[in-house]
Amino acid sequence: MAFPDNFLWGGATAANQYEGAFNEDGKGLACADLISGGTHTEARRITGYIEDKYLYPSHEATDFYHHYKEDIRLFAECGFKSFRFSINWTRIYPLGIEEEPNEQGLQFYDNVLDELIKYGIEPVVTIAHFDIPAYLSEKYDGWSNHILIDLYVKYCRTIFTRYKGKIRYWLTFNEINTATLNIGNFLSLGINTRDCDFTNQPDNLEKRYHALHHQFVASAKAVALGHSIDSNYQIGCMISYMPRYPYTCKPEDVLLAKQEENMHSRFCGDVQVKGKYPYYVLHYFEKHGISIEITDEDRKILSKGCVDYYAFSYYLTLCCSSDESVNKNGHSMIGGSGVNNPYLAQSKWNMMIDPVGLRIALNDIYDRYQIPLMIVENGIGAYDTLEQDQTIHDPYRIDYLRRHIDEMEKAIEDGVDLIGYTVWGCVDLVSASTGEMAKRYGIIYVDNYDDGSGDLHRSRKDSFYWYKKVIQSNGKER
Ligand code: BG6
């Protein structure tokens with residue numbers, strides 16, 4: 001049997017896409033609260049303040065804040081061994097600069113954790129999942145200012161201390177490598193690019209990589225701090241891992257695929273696992289005239305703050321072509337250009353469906369780092385239909401998940417140390433890239449729609465019952 005006995009089957013969410021209650025109980029405004037809804041073809045808008053003419057999907061989202069007991073009961077019914085969620089920085093420090101944390105925010109996560117503990121579900125907690133206090137964006141231009149390092153570490157100290165004994169698995173930054181893309185400016189780094197389209201932000205490479213550097217330092221400091229507070233803490237990185245294939249076997253395509261994979265998928269893991277910048281990034285900086293101030297002290301901090309495990313999201317793969325005449329018509333998820341793979345089918349949102357790519361990724365990552373791996377996001381965004389009798393038939397989702405689990409099993413047989421798998425958006429939530437509700441990932445349906453209508457009631461999809469069997473049989477029945 002491939003899956004180890006203590007394998008962490010479960011689901012994953014993020015506060016800004018799930019919690020709602022954006023201004024309740026002392027919560028401050030987060031950058032995510034300033035991004036309007038969009039569609040597959042119409043970009044979300046980053047606004048300077050809350051404008052009446054827009055609907056902001058994070059404000060209500062699917063209201064975990066008021067449904068946490070019901071949702072956790074459903075997770076328990078499905079047999080979840082683990083649940084990944086994020087703490088919203090602005091619930092704890094509304095502006096980011098306060099001396100004292102907001103007790104109501106802290107209490108909310110205590111309630112969530114106690115509920116999980118009641119059902120024996122292991123929390124996997126993201127400290128920052130695209131949730132930067134909007135104040136820090138406006139005042140300091142987000143992570144481009146090194147001041148954020150101390151503010152983040154203060155926030156970490158508060159939650160590491162408060163939740164000691166309740167949480168073992170932490171992740172410092174969600175998909176930290178989003179910062180290698182244009183879209184990362186506001187979403188992931190809080191750089192103040194307001195009043196523009198989410199998918200086309202004013203971009204300054206030097207500023208963006210500088211901001212990323214500050215996140216690396218903050219992450220390493222958090223790892224060291226966490227270990228000093230509780231030696232049981234397992235603190236991981238979280239990378240959006242998209243393997244790049246050469247579009248043809250032309251050496252130039254192979255080289256390009258390697259370069260793209262290095263810069264977008266490997267770079268951040270290399271820093272966070274190995275504790276130093278890889279040579280190819282230093283060369284890239286030099287070639288592009290990017291000057292990043294990396295002090296000796298920073299180098300020391302990075303080398304002393306290496307993560308305990310490597311967590312990643314996996315959705316799709318991309319092809320790279322060095323040929324100008326080849327149409328770069330690849331996925332449109334969060335930017336990054338690629339070429340569609342003629343051997344693969346794609347989702348309605350142009351994401352290439354590639355289960356074997358997951359086995360490739362697992363082997364590549366494990367080969368590179370040799371530390372435990374956790375898949376903390378995987379799934380398919382699809383249109384679902386709520387039938388009159390409240391059922392939802394989603395064979396496409398079952399098929400997607402089953403085929404990816406097949407490849408996980410093979411990777412474990414290959415020798416990869418994989419410790420967990422949390423299905424993305426296990427309960428329907430807002431899409432990060434398009435801001436839609438229509439793009440659903442859940443095994444639990446939420447009655448909520450893009451025009452803001454819906455009564456938020458929950459229904460089990462067919463995939464819920466299927467996943468329950470998978471977990472019950474520890475992956476044998478699928
Ligand atoms: C990852 C993010 O990029 O992918 C999530 O960590 C996001 O926040 C998920 O929701 C799926 O992407 P999308 O754009 O379909 O919601």
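Since we're looking at a predicted model, the values are computed, not measured. Indexing begins at 1, ligand by ligand and atom by atom, following the structure's order.
- Checked by distance only, ligand 1 and Ser431 come closer than 3.5 Å through their nitrogen or oxygen atoms.
- Residue contact check: Lys439 has heavy atoms under 4.0 Å from atoms 13 (P), 14 (O), 15 (O) of ligand 1.
- Heavy-atom contacts from other residues, nucleotides or ligands closer than 6.0 Å to CD of Glu206 number more than 12.
- Less than 4.0 angstrom separates some heavy atom of Tyr315 from each of these atoms of ligand 1: 4 (O), 9 (C), 11 (C).
- Between Trp424 and Tyr315, the distance from one ring center to the other does not fall under 6.0 angstrom.
- At least one cation-pi condition fails for Arg45 and Tyr54: the charged atom is not both under 6.0 angstrom from the six-membered ring centre and inside a 45 degree cone around its axis.
- Side-chain polar atoms of Thr434 and His40 form no donor-acceptor pair below 3.5 angstrom.
- Close approach to Tyr441 involves these atoms of ligand 1, each under 4.0 Å from a residue heavy atom: 11 (C), 12 (O), 13 (P), 15 (O).
- Under a 4.0 Å heavy-atom criterion, Trp349 is not in contact with ligand 1.
- The proximity of Ser433 to ligand 1, defined as any non-hydrogen pair under 4.0 Å, involves the side chain as well as the backbone.
- Asp364 pairs by the side-chain hydrogen bond (donor to acceptor under 3.5 Å, both in side chains) definition with nothing, not counting sequence neighbours.
- Residue-level proximity to ligand 1 for Asn174 is carried by the side chain, the only part with a heavy atom below 4.0 angstrom.
- By the side-chain hydrogen bond (donor to acceptor under 3.5 Å, both in side chains) test, Tyr152 pairs with no residue at all, sequence neighbours left out.
- Of all atoms in ligand 1, numbered sequentially from 1 with element shown, those under 4.0 Å from a heavy atom of Gln17 are 5 (C), 7 (C), 8 (O), 10 (O).
- Both the sub-6.0 Å distance and the 45° axial angle are not jointly satisfied by Lys348 relative to the ring of Tyr383.
- Among Tyr284, Tyr241, Phe216, Tyr280, the single residue meeting the ring-ring contact (aromatic ring centres under 6.0 Å, His included) criterion with Phe267 is Phe216.
- Look at Met351 and you'll find every heavy atom at least 4.0 Å from all atoms of ligand 1.
- Backbone and side-chain nitrogen or oxygen atoms of Val430 are examined, and none is located within less than 3.5 angstrom of a nitrogen or oxygen of ligand 1.
- Taking every non-hydrogen atom of Ala432 and a distance limit under 4.0 Å, the qualifying atoms of ligand 1 come out as 7 (C), 8 (O), 10 (O), 13 (P), 14 (O), 16 (O).
- Near Phe130, meaning under 4.0 Å from one of its heavy atoms, ligand 1 places the atoms 8 (O).
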